[in-house]
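Data block below; observations after.
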Protein chains: 2
Amino acid sequence: MLKEREREKTEKYYSILNGAGAVFARFGFHKSTISQIAAEAGVADGTIYLYFKNKDDILYQFLNFKSTHFFQKMRDAVNGAENAELKLRNLIECHLREFQNDINMAVIFQSEVRYRRGIESHLKDVSKVYLEFLSEIIEQGQMEGRMRQDLFVGLVKRFILGAVEGVINTWVAADGKYDLVSMADPLVDLYMNGIQNNAA
Amino acid sequence: MLKEREREKTEKYYSILNGAGAVFARFGFHKSTISQIAAEAGVADGTIYLYFKNKDDILYQFLNFKSTHFFQKMRDAVNGAENAELKLRNLIECHLREFQNDINMAVIFQSEVRYRRGIESHLKDVSKVYLEFLSEIIEQGQMEGRMRQDLFVGLVKRFILGAVEGVINTWVAADGKYDLVSMADPLVDLYMNGIQNNAA
DNA sequence: ACCTCAAATGAATTTATATTCATACACTAT
DNA sequence: ATAGTGTATGAATATAAATTCATTTGAGGT
């Protein structure tokens, strides 16, 4: 086993992480084998165990690495906006852009993160952090008078997250063929105005 | 192997299906073993292979059985409503009620159905059928002038399904502790009116 | 009571793959 | 050049669990 300090910095560490990302995305975590990952990363099977504790650890580190980056982008996007509606728009746009730019990550997040008992417990629960972002935005929106006062925030935030994920799932199922980011505006429009025809 | 005809009717067949439902829900498909399922169903390991081709087949038949029932309920719920908004409300309420009444099914649908390559291909894709229900309702709503004309139906239906699933996931994560069906009205209200404060 | 055969059993077998480890390699310092 | 140290290899091993099958059980039927 390599020294803890250096282990995570080497080029090889990232080759394996990326290889694993590609393999997990293609076959799913359970059907992926260490040999496949090793081949994809261009290393021997045994080498993987110099950098990772075991197969689970690969997934764990992958999610950890990606989500750290993801939430940093998220924070930047939200902070750069003034009012709640713009924050929401930026958040959604950022989410879609990051997933579009890294389809392996997108596939893995959408398919493996849900109900992985024992992983989400270690991992700073991805959707939890996300939902906190949303709570803040909604509450700010209510203070600004921009969003309804009678909203049940606990529900609204799942509602928002669920809908983005639904849109991403569809995009993933279509192998990322179309532009995902352009869904941001119509999506936010739905959040804000709903589907009812108020004109009539 | 039992005769095809009789195999699926026996009491034992359903014991195994239910046992599997409980075990899959508790441990997830991959971590569930045949022995656990057999124990839960009160039969010997080998007996399972008299009724099912293999472990995958158990999940497949479980999903098939449950989704057939589910969609029947769904159809009844939708047909019993006059206008599109009521149909939507009934659909969501039915969805939530059925999941609430069968938490094993709920857990399995939410966690195993997504990205199970080779299963959704056999199984009449659950979300596909669901999305067709939604398309019809939305289009009807537009004809009735009850829903906006400028909606991108392809987006709206994922939006709706995604949001219900988000709400169900939260409920499942809380071990079904609170009443799920009561989320139907506020949820539909959000679909229809959005979160924006129009009064101000 | 005995026979027959479908149904059930669970220990033995097979299979698949995660993980280990003895060996080989490559770089640096002396 | 050679020794020494950290790194990489991949064949061999360990393990776990799915699946099989020789054997047993039990419910009619004679």
Side-chain angles (χ1 to χ4, degrees), chain A residues 1-63 108 112 116-119 122, chain B residues 1-63 108 112 116-119 122:
Chain A
M1 192 71 141
L2 305 183
K3 306 262 174 61
E4 183 89 22
R5 211 74 38 71
E6 303 156 24
R7 187 154 37 110
E8 308 204 351
K9 294 178 188 162
T10 80
E11 199 186 339
K12 213 151 263 190
Y13 173 83
Y14 288 105
S15 304
I16 296 171
L17 222 50
N18 280 327
V23 175
F24 288 161
R26 186 150 58 246
F27 303 104
F29 177 75
H30 291 286
K31 289 196 183 158
S32 299
T33 70
I34 296 292
S35 295
Q36 286 176 305
I37 295 168
E40 184 78 27
V43 302
D45 292 18
T47 304
I48 289 185
Y49 291 87
L50 298 174
Y51 294 87
F52 299 88
K53 205 163 135 275
N54 52 37
K55 190 181 164 188
D56 279 340
D57 189 44
I58 305 174
L59 178 58
Y60 171 72
Q61 303 238 11
F62 180 89
L63 295 176
I108 294 169
E112 309 290 348
R116 175 153 298 292
R117 279 161 255 253
I119 278 218
H122 290 279
Chain B
M1 192 67 144
L2 306 184
K3 306 263 174 62
E4 183 88 23
R5 213 70 41 68
E6 303 156 24
R7 187 155 38 110
E8 307 203 350
K9 293 179 190 161
T10 81
E11 198 186 339
K12 214 149 260 189
Y13 174 84
Y14 288 107
S15 303
I16 296 171
L17 221 51
N18 280 328
V23 175
F24 288 162
R26 187 151 58 245
F27 303 105
F29 177 75
H30 292 286
K31 289 194 182 157
S32 298
T33 70
I34 295 291
S35 294
Q36 286 176 304
I37 295 168
E40 184 77 27
V43 302
D45 293 19
T47 305
I48 289 185
Y49 291 88
L50 297 174
Y51 294 87
F52 299 89
K53 206 164 133 272
N54 53 37
K55 190 180 165 189
D56 278 341
D57 188 43
I58 304 174
L59 178 58
Y60 171 73
Q61 302 238 11
F62 180 89
L63 295 175
I108 294 169
E112 309 290 348
R116 174 153 299 290
R117 280 162 253 256
I119 279 216
H122 290 280

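Quick note on labels: first sequence line is chain A, next is B, and so on, each numbered from 1.
When each of B:Ile58, B:Asp57, B:Asn54 is paired with B:Ile48, the side chain to side chain contact (heavy atoms under 4.5 Å, CB included) condition holds for B:Ile58 and for no other.
For residues 35-51 of chain A, every residue pair satisfying the salt bridge (Lys or Arg N to Asp or Glu O under 4.0 Å) rule, not counting sequence neighbours, is listed here: A:Arg26-A:Glu40.
By the 30° and 60° cut-offs, the orientation of the rings of A:Tyr51 relative to A:Tyr13 is tilted.
For the pair B:Gly21 and B:Phe62, the tightest heavy-atom approach, listed with the atom from each and the gap, is CA-CE1, 3.5 Å.
The shortest side-chain heavy-atom distance between B:Phe52 and B:Gln61 falls under the 4.5 Å cut-off. Looking only at side-chain heavy atoms (C-beta outward), A:Tyr60 and A:Asp56 stay at 4.5 Å or farther from each other. Between B:Phe27 and B:Gln36, some side-chain heavy-atom pair lies under the 4.5 Å cut-off.
The distance from atom OH of A:Tyr13 to atom P of D:dA8 is 15 Å, rounded to the nearest whole Å. Between B:Phe27 atom CZ and D:dA17 atom C1' the separation is 15 Å, expressed in whole Å. Rounded to a whole Å, the CD atom of A:Glu11 is 14 Å from the C1' atom of D:dT7. If you measure from atom CG of B:Leu50 to atom P of D:dC21, you get 13 Å, rounded to the nearest angstrom.
Taking only side-chain atoms of A:Lys12, from C-beta outward, the nucleotide of D:dT9, C:dT9, D:dA8 with the closest atom is D:dA8. Out of C:dT9, D:dA8, C:dA7, the shortest distance to the side chain of B:Ala44 is found at C:dT9.
If one axis is set at each end of the helix from C:dA1-D:dT30 to C:dT30-D:dA1 from five pairs, those axes are 10° apart, to 10°.
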Review point. Just by protein heavy atoms under 4.0 Å, how would nucleotides 15-25 of chain C read 5' to 3' in B, S and -?
Key: --SSBB-----
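Proximity of a side-chain donor or acceptor of B:Lys12 to a complementary backbone N or O of B:Ala41 within less than 3.5 Å is not detected.
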